[in-house]
Amino acid sequence: MGIFKKLFGKKDNVRKREGNPNVYDLPNENDRMNWAMEKARLTLHYFEECLQNPKGGQEYFSIKARIEDNGKVEHIWLTDPSFDQEGNIFGVVGNEPIDVQTVSLDQKIGITADFVSDWMIIENARLIGGYTIRAIREGMQGDQLKNFDRSLGDMIVDEGEDYFVPNFETPEGAILLIEEAYDNNDIDKAISCKNFQKEAELMLNKTLKIEIDAAIIDKTAEVLKLSFMKSLQDHGMPKFEGVKRAFKRHFVSEEHCIVTETCIYPDGGKSSQKLNTFRTNNQWKVLSPED
């Protein structure tokens, strides 16, 4: 489908190449692109699952690989991807390299998961994954954005859906875990996803201008826990079955991350909320929403 002629765009540092898609450089230090590549690696499991058992409407799969050559780095899309039993990834170089000489067009190569910088699936004309594409597109506006979207043809680029593993290893995983608890009406599991101590500490530090001791924090944490339980018992738990979710991060510190969660509902409605998450003992837990 000539997809590689549709996957690049940025107004700065455009490099032309005859017969191949233009390359638009986006510096590695760019926070948006770094987040895109990290998100791709954290959700790679979903790509592998779909590749092995494609869902209805999924007709195109590709992996983006980081290729290194004597200090030079280039990110190249690979077609016809496959995984071996050790999790190594193989694919065919889909565009002519510019900066590296160690691979060539149509060559089959293998990489480890550490060298994945993106993945994409086309499902019913809708882009799944494609995080670096989204990062490039997010930096555009006006005619540039219109031209970029036009170059994508019939491919739909919406808010997307992020397939993090529901666990305590990432801020997004902790949020998905508590929402999973809500769907299952499991109040004990929902409580296990919270950190009332840290929630109390942050709340007190924000609202009071006095020295806060451990006893005050403990008492406030207990009040927050009881209030959380009562709210769920009185109003029921929110439901997320069938809801598509996409996430953005803002790190306040290495341990404190504010996550913006965008929910796309089956009826087409959307909502967005900012959730505080905090890491203690190498586990992320969910705090109160950000005001």
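We number each residue from 1, following the sequence as shown.
For the pair Met120 and Leu127, the minimum side-chain heavy-atom distance is below 4.5 Å. The shortest side-chain heavy-atom distance between Asp218 and Gln197 falls under the 4.5 Å cut-off. Side-chain contact between Gln144 and Phe148 is absent, with no heavy atoms from C-beta onward closer than 4.5 Å. Within the 4.5 Å cutoff, the side chain of Ile67 has no heavy atoms near those of the Val73 side chain. Annotation: side chain of Phe168 is not in contact with side chain of Asn281 (no heavy-atom distance under 4.5 Å). Considering only heavy atoms from C-beta on, Ile128 stays 4.5 Å or farther from Phe47 through its side chain. For the pair Glu68/Asp99, no side-chain contact is recorded, criterion being any heavy-atom separation below 4.5 Å from C-beta on. Counting only heavy atoms from C-beta outward, the side chains of Leu78 and Ile89 never approach each other to under 4.5 Å.
By the side chain to side chain contact (heavy atoms under 4.5 Å, CB included) test, Glu86 is found to be paired with Asp84, Asn88, residues two or more places apart in sequence or in another chain being considered. Residues satisfying the side chain to side chain contact (heavy atoms under 4.5 Å, CB included) test with Asp213, not counting sequence neighbours, are Ala215, Ile216. For the side chain to side chain donor-acceptor pair (under 3.5 Å) test, no residue two or more places apart in sequence or in another chain qualifies with Lys206. The ring-ring contact (aromatic ring centres under 6.0 Å, His included) check on Tyr163 picks up Tyr46, with sequence neighbours excluded. Under the rule for a side chain to side chain contact (heavy atoms under 4.5 Å, CB included), the partners of Thr277 that lie at least two apart in sequence or sit in another chain are Pro171, Ile175, Cys257, Val259, Trp284. For Thr43, the side chain to side chain donor-acceptor pair (under 3.5 Å) partners are Trp119, not counting sequence neighbours. Residues meeting the side chain to side chain donor-acceptor pair (under 3.5 Å) test with Asp80, sequence neighbours left out: none. In this structure, the side chain to side chain contact (heavy atoms under 4.5 Å, CB included) partners of Lys189, at least two apart in sequence or on a different chain, are Leu177, Glu180, Ala181, Asp186, Ser192.
What you find for Ala113 and Leu44 is that their closest heavy atoms are CB-CD2, 4.0 Å. Looking at every heavy atom in both residues, Thr132 comes nearest to Ser117 through CG2-O, 3.6 Å. The nearest pair of heavy atoms linking Gly269 to Asp267 is N-OD1, 2.9 Å. Contact between His256 and Asn276 at its shortest, heavy atoms only, is NE2-OD1, 2.7 Å. Nearest heavy-atom pair, Thr260 versus Ser272, reported as atom, atom and distance to 0.1 Å: CG2-OG, 3.5 Å.
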Taking distance alone, no hydrogens or angles, what donor-acceptor pairs closer than 3.5 Å link side-chain atoms of residues 245-252 to residues at least two apart or in another chain?
residue	atom	partner	partner atom	Å
Arg245	NH1	Glu179	OE1	2.6
Lys248	NZ	Glu138	OE2	3.3
Arg249	NE	Glu172	OE1	3.3
Arg249	NE	Glu172	OE2	2.5
Arg249	NH1	Glu38	OE2	3.1
Arg249	NH2	Glu172	OE1	2.9

Mind listing the side-chain donor-acceptor pairs of residues 104-111 below 3.5 Å, one per line with the distance, residues two or more places apart or on another chain?
residue	atom	partner	partner atom	Å
Ser104	OG	Gln107	OE1	3.4
Gln107	OE1	Ser104	N	2.9

Quiz: residues 227-243 side-chain donor-acceptor pairs under 3.5 angstrom, not counting sequence neighbours:
residue	atom	partner	partner atom	Å
Lys230	NZ	Asp234	OD2	2.5
Lys239	NZ	Tyr182	O	2.6
Lys239	NZ	Asn185	OD1	2.6

| request: Apply the test side-chain contact (heavy atoms from CB on, under 4.5 Å) to residues Lys285 and Lys194: give CA-CA distance (whole Å), side-chain angles for both, the deciding distance (0.1 Å), then the verdict. | output: CA-CA 5 Å; Lys285 296 295 180 76; Lys194 298 279 290 180; 5.9 Å; no
| query | How far apart are the C-alpha atoms of Lys219 and Glu222, what are their side-chain angles, what is the distance that settles it, and do they pass the salt bridge (Lys or Arg N to Asp or Glu O under 4.0 Å) test? | reply | CA-CA 5 Å; Lys219 183 177 290 186; Glu222 185 61 27; over 6 Å; no
| field | Test log, rule side-chain contact (heavy atoms from CB on, under 4.5 Å), inputs Thr280 and Asn195 | value | CA-CA 9 Å; Thr280 304; Asn195 185 336; 3.4 Å; yes
| task | Please report the C-alpha distance between Arg137 and Asp149 in whole Å, then the side-chain angles of each, then the deciding distance to 0.1 Å, and finally whether the salt bridge (Lys or Arg N to Asp or Glu O under 4.0 Å) criterion is met. | result | CA-CA 8 Å; Arg137 184 177 181 273; Asp149 285 346; 2.7 Å; yes
| request: Report the C-alpha distance between Lys270 and Glu159 in whole Å, list the side-chain angles of each, state the deciding distance to 0.1 Å, and finish with yes or no for salt bridge (Lys or Arg N to Asp or Glu O under 4.0 Å). | output: CA-CA 10 Å; Lys270 300 176 185 178; Glu159 288 84 355; 2.4 Å; yes
| said: Working note: Arg134 + Arg32, criterion side-chain contact (heavy atoms from CB on, under 4.5 Å); need CA distance, chi angles, decisive distance, verdict. | reply: CA-CA 9 Å; Arg134 298 176 190 277; Arg32 194 167 64 246; over 6 Å; no
| query | Given Asp162 and Leu176, is the side-chain contact (heavy atoms from CB on, under 4.5 Å) satisfied, shown in steps? | reply | CA-CA 10 Å; Asp162 297 334; Leu176 290 173; over 6 Å; no
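Phe115 is not connected to Phe90 by any chain of hydrophobic side-chain contacts under 4.5 Å among Ile, Leu, Val, Met, Phe, Trp and Tyr, and they are in different clusters. No path of Ile, Leu, Val, Met, Phe, Trp and Tyr side chains, each step under 4.5 Å between heavy atoms, connects Val286 with Val223, placing them in separate hydrophobic clusters. Note on Tyr60 and Val157: same hydrophobic cluster, where clusters join Ile, Leu, Val, Met, Phe, Trp and Tyr whose side-chain heavy atoms are under 4.5 Å apart, directly or indirectly. Hydrophobic cluster membership differs between Leu42 and Ile258, with clusters built from Ile, Leu, Val, Met, Phe, Trp and Tyr side chains linked at under 4.5 angstrom. Under the 4.5 Å side-chain heavy-atom criterion for grouping Ile, Leu, Val, Met, Phe, Trp and Tyr, Ile264 is not connected to Met155 through any hydrophobic cluster.
To the nearest 0.5 Å, atoms CD (Glu201) and CD1 (Ile217) are separated by 4.5 Å. Summarising the geometry, atom CG belonging to Asn95 is positioned 12.5 Å from atom NE2 belonging to His75; distances are rounded to the nearest 0.5 Å. Within the model, atoms OG1 of Thr207 and CG of Asn205 stand 8.0 Å from one another, a figure rounded to the nearest 0.5 Å. Expressed to the nearest 0.5 Å, how far CZ of Arg126 lies from CG of Asp154 amounts to 15.5 Å. Put simply, CD on Glu169 and CZ on Phe164 are 12.0 Å apart, with the number rounded to the nearest 0.5 Å. Remark: Thr220 OG1 to Glu199 CD distance equals 10.5 Å, nearest 0.5 Å.
Under the 3.5 Å distance criterion, the side-chain polar atoms of Asp118 are left unmatched by any main-chain donor or acceptor of Ala40. Put simply, the side chain of Glu161 never gets that close to the backbone of Lys244: no donor and acceptor are under 3.5 Å apart.
Think of Phe278 as one node in a network of Ile, Leu, Val, Met, Phe, Trp and Tyr side chains linked at under 4.5 Å; its network also takes in Leu202, Leu287.
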